Structure formats: C-alpha cells, structure tokens
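Reading through the structure tokens given below for one structure.
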Protein chains: 2
Amino acid sequence: MKLGQVTIKDIARELNVSTSTVSRALKDYPGISDDTKKKVKDLAEKLNYRPNAVALSLRKSKSFTIGVIIPEVVHFFFSTVISGIEEVAYANGYNVILCQTNEKLQRELSSIETMLDNQIDGLLVSFSKETENFDHFTRLMNQNFPIVFFDRVPDIENTVNVTVNDFNGAYEATKHLVDQGYKKIIHLAGPKTLTISKKRIDGYKAALQDHHLKQKPDWIIPCPIGTQQESYEITKSIFKNNKELPDGIFASNDIAAAGAMMAVKELGLKVPEDVGIVGFSNWQFSSMIDPPLSSVAQPGFEMGEKATEILLEIIEKKKEANWEPKTIVLETELLVRKSSKK
Amino acid sequence: MKLGQVTIKDIARELNVSTSTVSRALKDYPGISDDTKKKVKDLAEKLNYRPNAVALSLRKSKSFTIGVIIPEVVHFFFSTVISGIEEVAYANGYNVILCQTNEKLQRELSSIETMLDNQIDGLLVSFSKETENFDHFTRLMNQNFPIVFFDRVPDIENTVNVTVNDFNGAYEATKHLVDQGYKKIIHLAGPKTLTISKKRIDGYKAALQDHHLKQKPDWIIPCPIGTQQESYEITKSIFKNNKELPDGIFASNDIAAAGAMMAVKELGLKVPEDVGIVGFSNWQFSSMIDPPLSSVAQPGFEMGEKATEILLEIIEKKKEANWEPKTIVLETELLVRKSSKK
DNA sequence: TTGTAAGCGTTATCAA
DNA sequence: TTGATAACGCTTACAA
C-alpha cells in the first residue's frame, strides 16, 4: 500500500535540514538545538508524520511483531488465550500475526516459514495434533530464536512453556466424582499425541488408585477427533456393550462431555442421579446445558498473558542472558455444577 | 530478530556474481544463462535461502499483510469469520494481523494507526459498538486505501461491505414464532448504534405487522451490554412487571436468548409450551442447551472468505480501476429447534 | 548475459 | 549543533 505517507525526507526538505537532523530531533537525541527540535516536531505533527515501521524493521532487524501458531481460533479456550496474548502484545507495542493450523502439520510448517520470512521477533506456539516431531522448533531454538509454547507443550528438552496443571485438574475432577459416590468412572481421553492428554489420563488414574477404586484399561477411551458426535457414539456403544454400566464420566474436554451427556440421557439414564459427568476447559456453553456441566476451568486469558510476557522478556533481553528453559504451570479450578452432584 | 539468515549477498559472494544476477536468476528473469541460473538456484536451495519479506515490503511498498479489526475474538461468530479470513488470506500468500477492540473506540483508532505504520495493504473492519463517527475510515478511503467492512457496516456512502440479511433473518425468526401460534412476542434488541440491530428490529416489526399482531414500543427492549446476565435480569423484570405476559421472545443474539430462557424457566414457565424463544447467530452452545435453542444462523466463515476475496481483489487491481462501492448480502438460515416448537 | 548504481525510509557513524 | 554517507535486503533501470 501507499498513502502518500509523509516521510522524514519531506520534513527535511521543507525545513532545509538533513534527514539525520530530523531523525534526531524526533527522537530527542542530545545535541540538537531546541529551536530546530521544535520546528521539526511541529511540522511532523502538522503533516501527521508517522514512522514507517517496515523501514524500521529492516534497519533494526526487529519487527515488533510476534507470531502465534494456534490449532483453531473457534476453539473457545484458544480464543481466550489469543485475547490474553493480544492484550499484552498490544500494551507493549507489539503486533500479533496469527496462523491457525487446523490441526495440520503441513500448515504448521508453512505458517512458520512465512512468519519467519516476515522477520517476526518471536513465536508463541500451541502445535497441531499431528505434530509428533519437533525438529522444526528445535532448529529455531538452536539458533536462539525465541519460542514459548503454551498449553500443548512438547516433550523435549530446553523449552520455555506455559501450561496448566492438567494432572491436578484431572485428579481433582476424578476425585470429586469419587467423593460424590460414583464408583465406576470412565475417562474419555484426548489424542495420545498430546502431553496434556497423557497428563489428564495420569491424573485420572492416580485419583482412582488413591481411592482404591477399580480401574480397567478399556475404561480409558480415546476420542481422537474431539467432536460431540464422536463422543456421543462412543458413549452409546460403551453403555450398550457393557454388562457393568459405568456411573461416572470424566471427559478430557467439554465437547466430549456434552456428547456423552446427550448419549446418556438418550439411553434413559439420569444425570447426575445415574451418571455423574465432569468435563474440561469450561467452555462458554457448559453452564447453559442441562444439567449444567461441571468442568475443570483453565485460565486461558491468563495463559495468553503469561506466555506473551515471557516471550517479550526473552526477546528484549536476548543479548544479555541466555534464557533458561522453564515451565510455568497455571492452576486449574474445578467448577462443580449439577451434572456431578449426586 | 535475526537468524543469521542467508541473503542474496551471501549467494552472490559465494558464486562471484552480482546480487542483481542472483535476484534475476531466482526470479527466472529472461536473459540469464541456464548455467548461472542453475548454480544460483542450487546454492540458494542448499543454503536454505528465504527472501526477507520486510526488505521486499520496503522496496515494493507492499507488505502482503492485511489488518483485521474485530470487536472480540471470543465471540463465536467472529472467530468463525476470522477462520474464513485466514483461509483465503493464507491461500493467496497474505498475512493477517489482528487487533481486537474490545468494543472500545479508542482501541480501534490506535490499532488502525499501528497497522498503517506497518504498511498493511488493506483493512477488514467490523467496528466497535462505541463507533458512531466514521471519519477515521473515510479519511483512509478518500486516499483510496482498501477497506472492506463486514457484519457491522457503517451507515455512510461509498463503502464496500459484506453483511448478512439481518432484516430477513429477523423477519423469518419472528414469522416462525407467529406461525407456531405465539402472539405476544417481545424483542431483545442489540445496541442501537449498530445498523444490524436496527435491521433486526425492522424485520421483527415487519413480520408482526404483516401478520396483524400487536406491537408495543416497550416490547422492544435494548440489551446494550449483551451478556447473559443482562438479558436474564431484563427478562425477569419484564415478566414480573407486566400484567400481560409475553409468550414469545426473539433475541438479537443467542447469549441474550439463553439468559432469557434461564429467566423464563426460573419463573416456572415452560419453554416452548408457555414461551417460545428464538435467538440469532447460532452459537456453538445453542444446540446443547435445554431445550435446544432455535436460532438464525449466520454464515460467518463464508463472510470472512468473501470479505477477504473482495479486499484482495481491490488491493491487486487498485491501479487499474477505481473500486466501486457495493454491499454483498449473505443469506441467513433459520434453524428451528425445540425452544420454539409449540 | 551480466554488472553498476540508485532507491524504498530509517538510523548510526564519522566528520565538520 | 548539524550534515554526508553508508547500511539494512532487495529490485530494476541503465550500461556494458
């Protein structure tokens, strides 16, 4: 685009000074007479001068832009995270360029390339479900390029991560079901490729173990796709093909929980009387469905904020210190609603 | 950032040719011997050369980046639109930089400034609820800067817009309630500043008129904030303070509808037996609440796609033809669910 | 077929 | 206190 934008040259010409003088005057550099400084600033104001950020990027090898790789914007949790990211980035004068992968590795790879071409200063990443190899990230990190992973963190060394305590969240959710008197609790799990899924499975298992409840391998059912439809069908088939009916469901996300609830109700069972259900992520709709769904709330906005704060810190201090790997773990909060109160 | 990126210079030096030769070879310009062309391309490949997009932007005064101004990412409808925008932009080699206004005019103004500083090639805008004056847009449009408005379109001349047929959507929703036998239908309206709110009000009125049903000015109740809580309270007070109880509610969005539903149920009335409810936008949760909410679906993804297609067209053809103002109107679809079936 | 040089808008270095 | 000049990475007349 061009807007016939006023440049430093225009000001210089008009005032019969050099561009360097203008540049210095605008920047309040020392060694410029108050007189010229004022003249320059006044004219800049009058002509509505705005520095060309692209020229600055080129000059400074710094773009004040960060890239965000996210699976899906329409995922409520992620859109909350984006909000947090945006907030902090904006407050610090950074732009956000966004790419969603739609859970495709190919898209992830090419998005990163494009963003790098655009000289982003750093990257916030929640990788796709297809991503099992992290070379494209380690390569960058080895070159000391700032990356912060959020929510979905890779199972490799030396990364900087912001995530939630998925283990605890799952543990608390399961324990809550146990406390309510449910005894045969199944788990609708997320895709195995994601650490968060594993952590939630572990939390679920640990809670059952600590409370001496029965565990069965086939009570942990993967829902790789993650649609409501999928968990609806899975739940139906579980309840139909089991002599021993489950009485509790802990789902690794609310969509799956909602699908399960629908299935259970259709089978003529009552929630929460016959079956208790707890989800994960506290989607917008969770409090509105019938019965309102208990869920493990994740602080999405806060996660976005935190991840961005750390990223900017790394970006701005990069020269001085090598940034150390670390993992920030945010706590979840179990929101108990009707779906799990026996 | 820098990654010790390979530049055209590095290749030139290594091959003992000039940078222009490299540039031309990479671009398949005519008049380069097949031999050098091959050498250059091979080395570029080997060194993993990637052109610096920032340098290109500066050189060409074109950034292959478009800006998106949106009220809120967490709004399901808008996140759908973003998805559509992203899809088309990405497919055409454009980046998307995103700013949400959180419905604040100030934020809208400063976001636009920042984006312009970054030399975006064009702008997709859905302005904030606070925006009542459009000078900041007209100023740009007068300079022939490409802007496409979506969903919330300004009430001024010579704009390019993509929106949905809000009038028809509202008309159909209301008509449907009438057809189902509801007779005293109120409307929970959106903020008056938005044209879409007015259009929905008009559609609602027209449907009542065409079917000879009673209209009362105080049956059109503004819900300016747009939270569930707000409409919950408003609905409660309406039902408490009216001798003549309404039996139908058409809400200008699903959140408001959900709040109203909650209020109605708490008052001991049955949905849909005593009160029929229809919302707008078909949020993710709408099919999951109890009873499932009828809603006017808006094609968000399609809107994003369309708006971006038009914007890119304007950007790329700008020199040749002056783009004419136009408004694309996408049709809505009424999804009838249980909440409105008497 | 290739090279030289100017320029996109800005700032840093050096000299005046 | 100010100005010339080079440089960031790339493209493109123009010259050779």
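So you know, we letter chains A, B, ... as the sequences are listed, proteins then strands, and number each from 1. Owing to the predicted nature of the structure, the values given are computational and were not obtained by experimental measurement.
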In whole Å, what is the span from the [atom1] atom of [X] to the [atom2] atom of [N]?
{"X": "B:Lys60", "N": "D:dA13", "atom1": "NZ", "atom2": "C1'", "value": "14 Å"}
{"X": "B:Leu56", "N": "D:dT12", "atom1": "CG", "atom2": "P", "value": "10 Å"}
{"X": "A:Leu26", "N": "C:dG9", "atom1": "CG", "atom2": "P", "value": "16 Å"}
{"X": "A:Arg59", "N": "C:dG7", "atom1": "CZ", "atom2": "C1'", "value": "15 Å"}
{"X": "B:Leu58", "N": "D:dG9", "atom1": "CG", "atom2": "P", "value": "12 Å"}
{"X": "A:Asn52", "N": "D:dG9", "atom1": "CG", "atom2": "P", "value": "17 Å"}
{"X": "A:Lys39", "N": "D:dT2", "atom1": "NZ", "atom2": "P", "value": "9 Å"}
{"X": "B:Lys27", "N": "C:dT2", "atom1": "NZ", "atom2": "P", "value": "18 Å"}

Could you check A:Lys46, A:Lys38, A:Lys39 and say which one makes a salt bridge (charged side-chain N to carboxylate O under 4.0 Å, His left out) with A:Asp42?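 Testing each of A:Lys46, A:Lys38, A:Lys39 against A:Asp42, the sole residue satisfying salt bridge (charged side-chain N to carboxylate O under 4.0 Å, His left out) is A:Lys38.
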I want to check one thing: is the phosphate of [N], taken as OP1 and OP2, less than 4.0 Å away from some side-chain N or O of [X]?
{"X": "A:Ser18", "N": "D:dA4", "value": "no"}
{"X": "B:Thr36", "N": "C:dT2", "value": "yes"}
{"X": "A:Tyr29", "N": "C:dA12", "value": "yes"}
{"X": "B:Thr21", "N": "C:dG3", "value": "yes"}
{"X": "B:Ser33", "N": "C:dT2", "value": "yes"}
{"X": "A:Lys9", "N": "C:dC8", "value": "yes"}
{"X": "B:Lys37", "N": "C:dT1", "value": "no"}

Classify [X] by what it touches in the nucleic acid, base, sugar-phosphate, or nothing, heavy-atom distance under 4.0 Å.
{"X": "A:Ser57", "answer": "nothing"}
{"X": "B:Ser20", "answer": "base"}
{"X": "A:Val54", "answer": "nothing"}
{"X": "A:Asn16", "answer": "sugar-phosphate"}

Salt bridge or not for A:Glu108 and A:Arg152, using N-O below 4.0 Å?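 A:Arg152 and A:Glu108: not salt-bridged.
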Centres of the B:Phe76 and A:Phe76 rings: under 6.0 Å?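 Centroid distance B:Phe76-A:Phe76: not below 6.0 Å, so no.
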Verify the neighbour count for atom CD of A:Glu113: are there more than 12 heavy atoms of other residues, nucleotides or ligands below 6.0 Å?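 Correct, the count exceeds 12.
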Ring-plane angle category for B:Phe137 and B:Phe149, please: parallel below 30°, perpendicular beyond 60°, tilted otherwise.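 Judged by the thresholds at 30° and 60°, the geometry between B:Phe137 and B:Phe149 is perpendicular.
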Position toward the 5' end of DNA chain C (nearest nucleotide), A:Arg24 or A:Ile8: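 Nearest-nucleotide comparison on DNA chain C picks A:Ile8.
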